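In this text, all values refer to a predicted model and were calculated from it rather than measured experimentally. Naming convention: chains lettered A, B, ... in sequence-line order (proteins, then strands); numbering from 1 in each chain.
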Protein chains: 4
Amino acid sequence: MAGSVNKVILVGNLGRDPEVRRLNSGESVVNLRIATSESWRDKATGERRERTEWHSVVIFNEQLAKVAEQYLKKGAKVYIEGQLQTRKWQDQAGAEKYTTEVVLQRFRGELQMLDGRGGGGGAEIEDSGDFGQRSPLPARGAARPAASGGGGKYSSDLDDEIPF
Amino acid sequence: MAGSVNKVILVGNLGRDPEVRRLNSGESVVNLRIATSESWRDKATGERRERTEWHSVVIFNEQLAKVAEQYLKKGAKVYIEGQLQTRKWQDQAGAEKYTTEVVLQRFRGELQMLDGRGGGGGAEIEDSGDFGQRSPLPARGAARPAASGGGGKYSSDLDDEIPF
Amino acid sequence: MAGSVNKVILVGNLGRDPEVRRLNSGESVVNLRIATSESWRDKATGERRERTEWHSVVIFNEQLAKVAEQYLKKGAKVYIEGQLQTRKWQDQAGAEKYTTEVVLQRFRGELQMLDGRGGGGGAEIEDSGDFGQRSPLPARGAARPAASGGGGKYSSDLDDEIPF
Amino acid sequence: MAGSVNKVILVGNLGRDPEVRRLNSGESVVNLRIATSESWRDKATGERRERTEWHSVVIFNEQLAKVAEQYLKKGAKVYIEGQLQTRKWQDQAGAEKYTTEVVLQRFRGELQMLDGRGGGGGAEIEDSGDFGQRSPLPARGAARPAASGGGGKYSSDLDDEIPF
DNA sequence: TTTT
DNA sequence: TTTT
């Protein structure tokens with residue numbers, strides 16, 4: 001459709017470690033389970049209440065999948081930007097089911113690690129040349145984690161694999 | 001959870017007229033079915049392909065529910081901002097089902113009508129006083145439709161009901 | 001900085017035709033002037049008031065620059081996604097000035113045309129192959145306009161130039 | 001204007017402590033200075049480069065101003081949602097200047113504290129009653145910080161002042 | 001079920 | 001300078 005936008009922005013915490021599936025193509029797909037929550041005081045009872053929402057996130061973006069696989073773990077706080085997709089499937093009994101996921105397509109979406117030390121992930125992309133004073137960050141969908149723990153080695157390795 | 005964000009932004013078209021449910025409280029809840037789509041050319045086949053995604057939107061925000069009920073109809077293009085919520089329900093056979101919706105809670109969310117003539121809806125809210133040169137728009141979650149077709153009457157009526 | 005996000009989302013109308021600058025590299029950069037506005041009823045006076053905000057948008061993204069150049073004109077309604085950048089410059093008298101712009105970097109940002117007939121622009125990108133049922137839209141920052149006025153020719157030409 | 005959107009989303013760190021101005025009305029306005037940055041590897045030189053962008057944020061939203069005043073300090077990481085506003089002013093020499101700010105109007109905008117312990121701020125709002133299973137969070141523009149350091153006292157005090 |  |  002002309003002129004449409006389908007965007008989800010989440011800031012939340014991983015409920016468990018990332019799940020990585022390796023495709024035949026060699027690419028990996030990462031699934032995250034992310035919790036967001038709101039709390040409020042119920043005026044009627046005066047009690048504090050909280051509602052947690054769980055989101056299924058699927059990362060097809062190769063660079064971001066690598067970052068997720070290498071640096072994220074249960075409890076990590078992340079910023080995620082993707083799009084809504086609902087897919088139909090059948091359970092073992094043959095019943096129709098629908099699942100709605102937040103999807104980061106190839107070359108699309110964003111992932112930022114928001115934890116302080118040993119985890120904060122900033123955008124990190126190679127530039128193909130100067131662009132006046134605007135050189136930074138021409139590319140999309142990439143995240144570079146800060147050195148986690150013992151240094152920047154993994155970070156460097158990752159850098160070398162980013163193809164632009 | 002501390003520091004979480006759960007936000008969905010959609011620009012798309014209504015697949016059918018809004019569905020309005022009246023609650024016992026007198027409030028109304030509006031359900032929208034919104035399509036977003038992307039198209040691309042398949043490199044392998046050279047054919048143009050398109051994928052349409054359908055979104056279920058639920059409007060609990062009273063002002064926006066009124067706007068939706070009065071001014072939106074099948075085919076209308078809208079900007080929607082809400083949050084993801086998944087709810088569990090049982091079908092007639094007793095099978096567990098999950099549905100994920102984009103929800104505009106009371107006093108939350110945004111709705112903007114994007115159609116040109118007889119439909120464009122801008123934010124429209126009363127101010128409770130001046131605020132230096134920054135007076136505009138202190139309130140959230142409101143949309144005022146332009147007069148649709150026969151004039152601004154409904155728009156005015158609506159204005160009078162906006163309680164701030 | 002690790003884990004940062006800098007994002008602007010605008011839906012508004014062009015105050016004038018796009019301004020195109022051709023760089024020595026052959027690339028073009030497009031500047032847009034976009035108005036957003038809010039209206040509200042002043043509670044004290046009962047009068048309707050409106051505040052219009054003007055935004056300077058700079059498009060370095062080549063694909064989106066082409067779309068803007070070819071299909072946008074004064075009055076057009078667009079969805080824009082970019083990032084905030086402030087740059088320092090000197091006026092003729094040598095006085096320091098700062099200008100803040102919404103920038104769509106190379107390969108980044110989004111542009112959707114929201115006008116109905118002869119103008120609605122949907123994402124339009126070639127795919128490099130199938131990806132199961134998820135094939136669509138792996139790429140970012142692209143917009144394909146619908147044929148404006150005299151047909152889809154320019155649209156097709158544009159398609160051929162999109163390098164992925 | 002009908003159907004317009006003016007939204008800025010930032011995730012970044014405070015460059016200095018919040019600046020609080022007390023208005024004659026008793027309300028306070030808080031100014032923040034927030035840095036976002038991107039880093040990338042320059043393909044030509046192979047060097048890592050980084051660009052930091054500084055944003056001026058102005059909080060008129062009373063609740064969020066209180067949160068900012070009480071809980072934010074230099075270095076804190078925050079999620080901010082506001083709108084772009086450019087205002088004209090004159091320096092001491094009478095020269096015209098323009099400043100663009102990210103503004104959180106009264107009852108509008110969002111602020112989430114993203115630091116781990118003693119700082120993470122989740123939405124925290126009182127509800128005016130039940131709303132089926134959807135009771136949470138009817139209100140907008142509020143943030144409740146987690147107890148910082150020694151307990152929830154300030155948090156509770158703040159709660160009592162939130163008028164809904 | 002929309003839209004192009 | 002747009003739009004309603």
Rounded to the Å, how far apart are [X] [atom1] and [N] [atom2]?
| X | N | atom1 | atom2 | result |
| --- | --- | --- | --- | --- |
| C/L72 | F/dT3 | CG | P | 14 Å |
| B/I80 | E/dT3 | CD1 | P | 16 Å |
| B/R33 | E/dT2 | CZ | P | 12 Å |
| C/L14 | F/dT3 | CG | C1' | 11 Å |
| B/M113 | E/dT3 | CE | C1' | 18 Å |
| B/N13 | E/dT2 | CG | P | 10 Å |
| B/Y79 | E/dT2 | OH | P | 25 Å |
| B/N31 | E/dT2 | CG | C1' | 17 Å |

Do D/V8 and C/L84 have side-chain heavy atoms sitting under 4.5 Å apart? yes
Looking at side-chain heavy atoms only, is the closest gap between C/E38 and C/E50 below 4.5 Å? no
Of all the heavy-atom pairs spanning D/E81 and D/L104, show the shortest one and how long it is.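 Between these two residues, the closest heavy atoms are O-CG, 3.4 Å.
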Has the side chain of B/T52 got a donor or acceptor atom sitting under 3.5 Å from an opposite partner on the base of E/dT2? yes
Just do the salt bridge (Lys or Arg N to Asp or Glu O under 4.0 Å) check on A/R87 and B/E53 with the steps written out, would you? CA-CA 10 Å; A/R87 59 184 173 81; B/E53 192 70 38; over 6 Å; no
If you only use heavy atoms from C-beta on, which nucleotide in [options] is closest to the side chain of [X]?
| X | options | result |
| --- | --- | --- |
| C/R16 | E/dT3, F/dT1, F/dT2 | F/dT1 |
| C/E50 | E/dT1, F/dT3, F/dT2 | F/dT3 |
| C/W54 | F/dT1, E/dT1, E/dT3 | F/dT1 |

